[in-house]
Structures are given as C-alpha cells and as structure tokens.
2 protein chains.
Amino acid sequence: MNVSSKPERTRLSAEDWELAALQLIAEQGVGALAVEALARQLGVTKGSFYWHFRTREALLNAALERWEQYGEREIISQIEQIADPRKRLPELFRRVAHELQPHRVYAALLKALDHPQVVPVMARVSQRRMEFLTTAYREAGLAPPQALNRARLTYAAYVGFLQLNFTLGLPRINHEEFDAYVEHMIATLIPA
Amino acid sequence: MNVSSKPERTRLSAEDWELAALQLIAEQGVGALAVEALARQLGVTKGSFYWHFRTREALLNAALERWEQYGEREIISQIEQIADPRKRLPELFRRVAHELQPHRVYAALLKALDHPQVVPVMARVSQRRMEFLTTAYREAGLAPPQALNRARLTYAAYVGFLQLNFTLGLPRINHEEFDAYVEHMIATLIPA
DNA sequence: GACAATCCATACTCTTCCGTATGGTTGATT
DNA sequence: AATCAACCATACGGAAGAGTATGGATTGTC
C-alpha cells in the first residue's frame, strides 16, 4: 500500500528519489524539479538528498537514464510478437492510444527541450521509435522512402497529439470521439 | 538598420519591450524571459522596465496578446483568396512549410504550457487554426466527421513536427528530403 | 552491545531574480 | 529659458532555491 507519499517511514535509496523525480516531472514538468520540494514530498529534508546525489543535475540525469532504460521495452516487444506484419501497426496505434499514462513523462520532457540534459535522451528515444515505425511501415508494404516519410508523419502526429491534448487541454475530446479519431488515423496513415 | 540589439540609443516604448520579449521567447523560451536580462539586451536597466510595466507578468501578457493579434492574419487571408477549395490545402501546406520562421514563437509557447498565462492564448490560437483546417477539409470534399478528425491529425502532425525538428533537432532533415516529406504529407492527408 | 557505515536534520552561505524607492536626465511645450 | 512629464540609473529589500558543514540518529555487523 505504500504507493502514495505520506507515511513511508523507512529510509530512502537513490532509486526512491529517481522515481519520485520522474513522477514529479510527469505531473509538473522538469522545471518543478526542486530538491527541497521533492524532499518535502518524500517526508525528509535536503540533508538526505545530498547524501544520495552530488547535485540536482545528477538526479535529473539519473532519472532520465532510468526512464530511458525501462520506458518502452514492453510495448515494442509485444508488437514484434504479432505474426502478420500488416496487423502490427493498427495494434500499435490502438495500444498506444489506450495507455496514455506512460506517455506523461515523454510529454513533459517534450516541453523541456531547452534543458540541455534532456535533449540527447529525447533524441535517442525518438530516433529509436522512429526507426521502429519505419521498418513497420516497410513490412506493411510501403517502399523505403514512403515508409520513412510515413513514419515521420505518424510520429509527429503522436507528439503533437500529446502536446495538444494533455498538455494543452484542447477541445477535451471524449472517449467515443477519441476512439473514432484513432480509427481515422489508422485508416488514413496505414496502407490497406 | 536598427534591427539588432547593440547601439540603439533612443528611448524605449512598451512596444519595444514586447517585441524584444517575443524575440527572446522565440530564441530561448518563456523561462528565459527575465527583466534584467532583457534590459541588458536592450542596453538599459530595470528602472526603464518598471516604468513601462507593472510587473514581469504584465510584460508576458502584453507580448502574448501582441503575438495573438498580429500572428497569423496574413496566411489565412491569403489562403482564403484561392478560388478552388481543393487547391487551398496543398497551398497551405507548402506555404507553412517554407515559412518556418514565424512558427518559432508558437513552438516556444508549446513548451511553456505549464505557465498559466500562455494556456488560454494557445488554446484560442490552436482552436482557430483547427477550425480553419476543418472547414478547409470539408470544402475539399470530406464529410464533417472525417473533416474534423483529419484536421486534428493534420494539426497534430504540424505541432509534432515543430517539436521534433527545430526544438529537438532530430535527424536534421535537409531541404530536398523536407520537400519530399511535405509532398508525402499532401498525398497522404489531402483527399484526391 | 560496541562500532562503523549509512542515512538524515539543522543551520548556515551564496546566487539569482523580482520588485521598490528615489533621484537624475532628457525632451517637448510654453 | 523654465518647467513638467516621460524615461532611466542606482541602490536597496526580500524571497527562493542550490549547495555546504556538521552533528545526530539508525542500521547492520562482529
């Protein structure tokens, strides 16, 4: 039951700080990552923090590294297990669409691309995903140049959707409408 | 010739501060908008600033309002003058693609969606553009629900592209490749 | 149960940046 | 030429947050 934030009176590890940092980033952005605020939230003081980390930067880097490592393993491997290549992309779209929770950190980091620490991480992650999409489109029948551009378009649409919808709260699309939108995306972007 | 920043030894107006603020936002983001930094850049001190504006917030609001007013008039009116509705969207795509400069502020504000002052501005601007796109798609022959979803998809792709390319510097797409990408977008998103 | 190593609290310093107070300078007006 | 408003410089006060110093508490280990 120790998921929340109040009364966990055990001692903390570096991992605890990293996880709390990621959660805070997801909720309030990288700019809100202040050590005293985090300490309050964890029920300790700065004294604890500076035992585990040399600096605030170090925490950010550690948290980003953790996120990059354990962030996307599951979905990609799940999709790769689908036998028919033509069924992979629709399944990917639908699955991503209904797991918007793990994308919160990505959306937050997208808004923090002025911080030099996050740029390389985001570049690597985005690059990997783009490559995954590109090969998926090739396997779905597109010629290589088409596949690359379609992957660019798809990934841009994904990123833009994140920004427009749970960062900005645009026209608060509801569930049915959202499902229809996803199907529209599938019909428009994926070759028949 | 007084475009740059060094030796303009006339007195400043509120407008000067607003324009400088927008430029700084475009280059370094909303977070970098500090009054002393701006003052240095303009060759004056804070004393000047606090004569023109009551607070830093006031400057940000004024700058945002100015941007919202004079930001997008031209392109929309130009597009609306095109007679054949089916030629409007391709032209819009190509024109937007080759004027990425005015989109710098929009991209910067996209990353500042945690600041409560920018959210309403961005919501209004994005909403207007979305509506423009939606009617354009209807005029190009799509049924209303399809048109709305296609507009969502298109605008998300636009926003995502901004983030991925001149905020993050993803795979540094070159000119030819970029033109090909734009044509791919047109072929994929606009009904024939 | 002593004794390290680990973990944390308290109390500082230092920097940055917003905002204020106040007086000086410049320019237009008469 | 005098005057008044517009504009700016200088010197503060104060809050917030990073980082340091140091000692106290807790935990495992012999």
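We use all heavy atoms of the structure for the numbers below, so side chains are in, but hydrogens, waters and symmetry mates are not. Numbered from 1 within each chain, the chains take letters A, B, ... in sequence-line order. Being a predicted model, the structure only gives us computed values, none of them experimental.
Note on residues 106-148 of chain B: pairs passing ring pair (Phe, Tyr, Trp, His ring centres under 6.0 Å), not counting sequence neighbours, are B:Tyr106-B:Tyr158.
Within the 3.5 Å criterion, the main-chain N or O of B:Leu189 finds a donor-acceptor partner in the side chain of B:Arg150.
Atom CG in A:Leu38 sits roughly 16 Å away from atom C1' in C:dC8 (whole-Å rounding). As rounded to whole Å, 14 Å separates atom C1' of C:dT6 from atom CG of A:Asp16. For the pair B:Leu42 CG and D:dA9 P, the computed distance is 11 Å after rounding to whole Å. The CD atom of B:Glu36 sits 12 Å away from the C1' atom of D:dT10 (whole-angstrom rounding). For the pair A:Glu57 CD and D:dG17 P, the interatomic distance rounds to 18 Å; values are reported in whole Å. Separating the CG atom of A:Leu60 from the P atom of D:dA18 is a distance of 11 Å, rounded to the nearest angstrom.
Evaluation of the side chain to side chain donor-acceptor pair (under 3.5 Å) rule for B:Arg88 yields B:Glu139 as partners, not counting sequence neighbours. A:Arg128 pairs by the salt bridge (charged side-chain N to carboxylate O under 4.0 Å, His left out) definition with A:Glu68, A:Glu72, not counting sequence neighbours. Judged as a salt bridge (charged side-chain N to carboxylate O under 4.0 Å, His left out), and not counting sequence neighbours, the contacts of A:Arg94 are A:Glu183.
In the set C:dC8, D:dG17, C:dC18, the nucleotide with an atom closest to the side chain of B:Ala34 is C:dC18. Among D:dA18, C:dG19, C:dC17, the nucleotide with an atom closest to any side-chain atom of B:Arg56 is C:dG19. Side-chain proximity of B:Val35 to the nucleotides C:dA9, D:dG19, C:dC18 is greatest for C:dC18.
The base of C:dT6 sits with one of its N or O atoms less than 3.5 Å from a complementary donor or acceptor on the side chain of A:Arg11.
A heavy atom lying under 4.0 Å from DNA chain D marks the following residues of residues 46-54 of chain B, by number: B:Gly47, B:Ser48, B:Trp51, B:His52.
Salt-bridge formation is detected for the pair A:Glu91/A:Arg95: a Lys NZ or Arg NE/NH1/NH2 atom is positioned less than 4.0 Å from an Asp or Glu carboxylate oxygen.
Between its opening and closing five pairs, the helix from C:dG1-D:dC30 to C:dC17-D:dG14 changes axis direction by 10°, a value rounded to 10 degrees.
Taking 4.5 Å as the limit, every side-chain heavy atom of A:Val30 sits out of range of all side-chain heavy atoms of A:Gln117.
Side-chain atoms of A:Glu131 and A:Gln127 include a donor-acceptor pair closer than 3.5 Å.
Within the 4.0 Å cut-off from OP1 or OP2 of D:dC8, not a single side-chain nitrogen or oxygen of B:Thr45 is found.
In this structure, B:His98 and B:His175 have tilted ring planes: the angle between them lies in the 30° to 60° band.
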